[in-house]
Amino acid sequence: MFTILKKQELAPSVKLFVVQAPLIARKCQPGQFVILRIDEDGERIPLTIADFDRAAGTITLIFQEVGHTTRQLGRLSAGDALLDLAGPLGKATHIEKFGTVVCVGGGIGVAPVYPIARAYKEAGNKVISIIGARNADLLILEQEMATISDVLYITTDDGSKGRKGLVIDPLKEMLAAGEKIDLVMAIGPVIMMKSVAEVTRPYGVHTIVSLNPIMVDGTGMCGGCRVSVGNKNKFACVDGPEFNAHEVDFDGLMARQKMYHSYERREHRCGGDCSCHR
Amino acid sequence: MSSIKHKMPEQQPEIRRRNFDEVALGYDDTTAKAEASRCLQCKTAPCRQGCPVGINIPAFIKHIREGDFTAAIDEIKTKNNLPAICGRVCPQEDQCEKFCVVGKKGEPVGIGRLERFAADYARARGRKQKVILPPEPLGKVAVIGAGPAGLSAAGDLARMGYKVTVFEALHAPGGVLMYGIPEFRLPKEIVRQEIEELKELGVEIVVNAVIGKTFTIDELLTEEGFDAVFIGTGAGLPHFMDIPGENLNGVYSANEFLTRVNLMKAYKFPEAGTPVHAGKRVAVVGAGNVAMDAARTALRLGAENVYIVYRRSEEEMPARAEEIEHAKEEGVEFRLLTNPVRIIGDERGWVKGLECIRMELGEPDESGRRKPVPIANSNFVLDVDTVIMAIGQGPNPLIQQTTPGLAVNKRGNITTDETGRTSKEGVFAGGDIVTGAATVIQAMGAGKKAAAAIHEYVQNKRKGARNSQ
């Protein structure tokens, strides 16, 4: 069992857990993920590791309540425990001194971007971060990102915080102004990652995205997380989760993400008290 | 004496095709004794050469004939750590029964059915084997992967007196016995009970431990103090055909489809959290045991039409005859000499058909089987909404990626000598990770062989250490 030591609500339906997991905390690197299962009949779901504390033996998970399992997860409290937690899975982010790195985080995607951006900074890069959300309430980790970024842009769809617009807007301007960018790392909704890829493509700026497709085992066994990258099928769990954004078939990925939507809608096991009914 | 095996009662096809309960129901005492009486008790026991784990077959059958069923299971368990499982899923027709003298003039003795009977008899009575372990363990061995190879190695090493820790990446031990083989062929409760018995021998099982990630092999040998490591991580990377449309919704690897249903219990969604898209018309590509399992599972999930699509003919189908027979009885339709060329999707990205081409058999290929050749302009579309690829699996890459000095072949399988020794000192391997996808019992045989080699290695190493002191 993996005890939840701390629970915090970062935004409506976005929650942070600090979980006791010494074996995972000992080994995990930015960019890696875990597979968790809440209870005996539970689903296995992947979540990116948002932070870790090796000394304390803990990892931080940040999730948005979007489906059955994440809603169930959101109802747990500090002191409760997860039945299963496996990891760290996936390949770690390749960290070195590239020069100037732009880190883009959209919505809940800011959570996995944070430890990666911090590692780029520690490796001596100039880190320009762009974080965005639909509105000010949904914006997470602003303080944390500000601390480790040389420059931080904030965008919201409705302008309630930072600039009104999308995360790609500041990126477009930087590229148009001829600013030298050596690497772009973007994590967020698939549509956002696709937009970032389209923005950087004409400039030939190397762009990496971290994918979070549907997975079962997370160790290469089921092949459910396959995604076409450079016209070859890759398994996000063992070949990724990070890939060259200019080679990813984002449209295929978006279609596959919807595979179980009808199942999510059909079930109403929550008794009416969950966010799906609000 | 009857020239045919005593039949094992089965659930009727029209009933069982809609439930997940076990198909074969096992012998009762009388039938078991009668079947055991068909054994000639040959002194040379040719049947034994067909058993990868070396069970003394005539000896256990003699006990059954005499009605001493507990002596029978004790005899089996001196060699086989998982008899209730092997009695169900071993391809006995290609192993022990193939060499049975009675089989030369009729049907061989039902050795597998008798093994199953003895194991079930003991399980039903909660009878466990007594093992006397040495007060001080002979050494500490890590086993990676709690599937057939790993469990077999772990059981043998524990009986010899080793402290064995099995590391399993998934949340439940059993490997393919849990995630792959369906409940109706191998009830999960049986797998759990046989694993429980290994735990009683002192085997420790650590789940959620992904070796290569949570620990590396080198860490196990140095920091964690294991004398040796056995790798039995199996064939855990599904193959796809590389045809257009394979990423459409409604296309599964057999691994994923079966894992969702078996390990994750998707058949009881929404009580269990994992859904599965079963479909109304399902094509399963391939004709091995895994394909039959997937096809029969799809039927049980409510599919109206289930097709096996296979590019060769009936004769070349790799599945056991019994599995093919069961699938046919339940209504699985066989589209042989048929090869998929494209999966057709609708505007929402879901499967709506499988375009196939008809094949004919040409000259024998490198496998010795006649090579299927496409017949020009014979394309047609099979009307399906789900496609399950059951065309084999490659080796899981996690350990090879993270273990320097571990030699692999060009397919990525770990290379070993005949005892299971790898290129890396103290590291042994066996089962599908070495041979590519094979059977449960072959993996168990490899685990057993490696256990003997590990014992020799650890004792030599310890002797060497004592002598140099």
Side-chain angles (χ1 to χ4, degrees), chain A residues 2 21 23-24 26-28 32 34-45 67-69 72 83-91 214-228 232-233 235 238-239 249 251-256 258-260 262-264 266-269, chain B residues 168-172 175-176 179-180 206-210 212-216 219 233-240 242 246-260 263-266 268-277 345 348-350 389 393-398 401:
Chain A
F2 300 83
L23 292 179
I24 299 172
R26 198 175 66 121
K27 290 301 277 290
C28 65
Q32 291 188 298
V34 290
I35 292 262
L36 69 82
R37 203 168 70 117
I38 299 172
D39 56 28
E40 199 44 56
D41 275 338
E43 240 183 324
R44 292 171 67 95
I45 61 159
H68 171 74
T69 299
Q72 190 190 351
L83 180 58
D84 297 296
L85 196 58
L89 298 168
K91 291 184 175 164
I214 293 168
M215 285 183 193
V216 184
D217 63 296
T219 65
M221 198 264 288
C222 81
C225 65
R226 64 192 183 276
V227 53
S228 176
K232 284 207 182 73
N233 255 341
F235 291 178
V238 289
D239 300 322
D249 171 14
D251 294 337
L253 179 62
M254 276 187 270
R256 284 183 67 76
K258 294 187 189 128
M259 177 142 175
Y260 296 101
S262 61
Y263 291 85
E264 288 285 352
R266 202 178 69 189
E267 50 168 344
H268 286 288
R269 289 169 293 182
Chain B
E168 168 56 46
L170 291 174
H171 58 258
V176 73
Y179 74 72
V206 182
V207 295
N208 299 316
V210 187
K213 296 288 182 186
T214 319
F215 296 101
T216 63
E219 284 166 347
T233 44
L237 201 74
H239 288 159
F240 289 89
D242 233 1
E246 271 184 312
N247 290 358
L248 289 166
N249 286 339
V251 182
Y252 283 110
S253 72
N255 268 7
E256 180 180 2
F257 183 73
L258 291 170
T259 299
R260 283 180 178 271
L263 181 72
M264 306 310 299
K265 299 173 268 189
K268 56 174 190 167
F269 181 86
E271 288 78 51
T274 305
V276 68
H277 171 76
R348 292 163 41 249
W350 283 80
M389 291 292 172
Q393 298 119 53
N396 189 288
L398 289 182
Q401 280 172 1

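In what follows, chains are A, B, ... by sequence order, proteins preceding strands, each numbered from 1. Computed from a predicted model, the values in this text were never measured in an experiment.
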Measure distances from [X] to the heavy atoms of chain B and classify the residue's part below 4.5 Å as side chain, backbone, both or neither.
| X | value |
| --- | --- |
| A/Ile45 | neither |
| A/Val216 | side chain |
| A/Arg37 | side chain |
| A/Leu36 | neither |
| A/Gln72 | neither |

Answer with side chain, backbone, both or neither: which region of [X] has an atom nearer than 4.5 Å to a non-hydrogen atom of chain A?
| X | value |
| --- | --- |
| B/Lys213 | both |
| B/Val276 | backbone |
| B/Gln401 | side chain |
| B/Leu237 | both |
| B/Thr216 | both |

- Item | Option that, when pairs with chain B are counted at under 4.5 Å, heavy atom only, ranks first among A/Ile35, A/Leu89, A/Asn233 |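 The residue among A/Ile35, A/Leu89, A/Asn233 with the greatest pair count is A/Asn233.
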
- Message: With chain B as the partner, which of A/Ile24, A/Asp39, A/Ile38, A/Leu85 has the greatest number of non-hydrogen pairs under 4.5 Å?
- Response: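 Most heavy-atom pairs under 4.5 Å with chain B: A/Leu85.
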
Indicate yes or no for a side-chain donor-acceptor contact from [X] to the backbone of [Y] under 3.5 Å, with no hydrogens or angles considered.
| X | Y | result |
| --- | --- | --- |
| B/Asn396 | A/Thr219 | yes |
| B/Asn255 | A/Gly223 | no |
| B/Thr214 | A/Gly87 | yes |

With side chains defined as the heavy atoms from C-beta onward, is the minimum distance between [X] and [Y] less than 4.5 Å?
| X | Y | value |
| --- | --- | --- |
| A/Asp217 | B/Thr259 | no |
| B/Arg348 | A/Lys258 | no |
| A/Arg26 | B/Phe215 | yes |
| B/Pro238 | A/Phe235 | yes |
| B/Asn247 | A/Val227 | no |
| B/Val251 | A/Arg226 | yes |
| A/Arg256 | B/Leu248 | no |
| A/Met221 | B/Glu256 | no |

- Residues which pass salt bridge (Lys or Arg N to Asp or Glu O under 4.0 Å) with B/Lys268, listed by chain and number, not counting sequence neighbours: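 In terms of salt bridge (Lys or Arg N to Asp or Glu O under 4.0 Å), with neighbours along the sequence ignored, B/Lys268 is linked to A/Asp41.
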
- Message: Whether B/Glu219 and A/Lys27 form a salt bridge (side-chain N of Lys/Arg under 4.0 Å from carboxylate O of Asp/Glu) is what I want to check.
- Response: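 Counted as a salt bridge, because a side-chain N and a carboxylate O are separated by less than 4.0 Å.
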
- Most contacts with chain A, counted as non-hydrogen pairs under 4.5 angstrom, among B/Gly250, B/Ala254, B/Pro275: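 Ranked by contacts with chain A, first place is B/Pro275.
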
- CD on A/Glu40 to NZ on B/Lys265, rounded to 0.5 Å: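 If I round to the nearest 0.5 Å, the distance is 4.5 Å.
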
- Task: Measure the SG-CE distance between A/Cys222 and B/Met264 for me, rounded to the nearest 0.5 Å.
- Result: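 Taking SG in A/Cys222 and CE in B/Met264, the distance rounds to 10.5 Å.
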
